[in-house]
There are 2 protein chains.
Amino acid sequence: MSQFSNVTVDKSANIYFEGKVTSRSVWLQDGSKITLGIMLPGAYEFGTDSVEVMEILSGDLKVLLPGQSEWLEIQGQGTFTVPAHTSFKLEVRTVTDYCCSYS
Amino acid sequence: MSQFSNVTVDKSANIYFEGKVTSRSVWLQDGSKITLGIMLPGAYEFGTDSVEVMEILSGDLKVLLPGQSEWLEIQGQGTFTVPAHTSFKLEVRTVTDYCCSYS
C-alpha cells in the first residue's frame, strides 16, 4: 500500500458537515501539507485558500469546478485541480477516500 | 494541537460500516501502529486481535466492554482498554474522533 514516510500527523480530525466530510492533516518533510479524508454521500461546496489538487483514491462522485458548466464524473480514481480563492461543488454518491494537496 | 512526528501514514483509509467508521493507520517510530479514526452516529461491534486502547478525542457515546453488563458512558474525552481476542460494542450518539493504540 502507498504510504507517506517521515511525516507529522495532527492527532485530531478536521470535521465538516456534521462528520460527513472528515480529514487528518499530514505535514510532509518539505513542510507542505496534505489532508487524507473521507466524504460520505451528500452534496457539498468548499472554498479554497490555495490551489488544491484532489486525488480521489476510491469513490463515485461528480465535481463542478469553478467557471465550468459541465460536471466532472469520477468513478473509482481520479484527480482534479481547483484554483485558489474559488469554490467547487461535489456530489458524492458512495463513500469516497481522498488525498488533497495544497500549494 | 497534539501531533505525531516522524511517522508513516497509509495513504488509503480503512473503511467499515459503509463509511460510518473510518480510520487511517499510522506507524510510529518504535514500529507500533495506531489508527486515527472517525465514527458517525450508529451502533457497532468490533472484534480485537490485540489489546486495544481507545482514546476518545471528542464525542458522545457509550461502550460495552467484554464481560461487562454496564455500559461505559463517555461525553467529550475518555479512554478505555479492550483485551485481545474479544469484542466490544459501541453506541455512538455524535460524531466521534478517536485514536486507537494496539499492543
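Just so you know, these numbers come straight off a predicted model, no measurement behind them. Chain A is the first sequence line, chain B the second, and so forth, proteins listed ahead of strands; every chain is numbered from 1.
- The number of heavy atoms from other shown groups lying within 6.0 Å of NZ (A:Lys89) does not exceed 12.
- For the options B:Ile15, B:Val9, B:Val95, heavy-atom pairs under 4.5 Å to chain A are most numerous at B:Val9.
- No part of A:Gln29 comes within reach of chain B, as not one of its non-hydrogen atoms sits under 4.5 angstrom from that chain.
- Under the 4.5 Å side-chain heavy-atom criterion for grouping Ile, Leu, Val, Met, Phe, Trp and Tyr, A:Leu65 is connected to A:Val21 within one hydrophobic cluster.
- At a threshold of 4.5 Å between side-chain heavy atoms, the hydrophobic network of Ile, Leu, Val, Met, Phe, Trp and Tyr places B:Leu36 and B:Ile56 in two separate groups.
- B:Val53 and B:Val63 fall into different hydrophobic clusters, where Ile, Leu, Val, Met, Phe, Trp and Tyr are joined by side-chain heavy atoms under 4.5 Å apart, directly or via other members.
- The hydrophobic clustering, which links ILVMFWY residues whose side-chain heavy atoms are closer than 4.5 Å, places B:Leu72 and B:Leu90 together.
- For the options A:Ile34, A:Val26, A:Asn6, heavy-atom pairs under 4.5 Å to chain B are most numerous at A:Asn6.
- The same ILVMFWY cluster, assembled from side-chain heavy atoms under 4.5 Å apart, contains both B:Phe88 and B:Tyr44.
- When heavy atoms are compared at a cutoff of 4.5 Å, A:Leu57 approaches chain B solely by way of its side chain, counted from C-beta outward.
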| field | Stepwise side chain to side chain contact (heavy atoms under 4.5 Å, CB included) test for B:Ile38 and A:Ile38 | value | CA-CA 9 Å; B:Ile38 290 284; A:Ile38 291 283; over 6 Å; no
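- Within the 4.5 Å cutoff, the side chain of A:Arg24 has heavy atoms near those of the B:Asp97 side chain.
- Only the side chain of A:Leu40 comes within contact range of chain B, with heavy atoms under 4.5 Å apart.
- Taking a 6.0 Å sphere around CD of A:Glu45, one finds it holds more than 12 heavy atoms contributed by other residues, nucleotides or ligands.
- Using a 4.5 Å cut-off between heavy atoms, A:Ser5 contacts chain B through both its backbone and its side chain.
- The distance from the CG atom of A:Asp10 to the CD atom of B:Gln3 is 4.5 Å, given to the nearest 0.5 Å.
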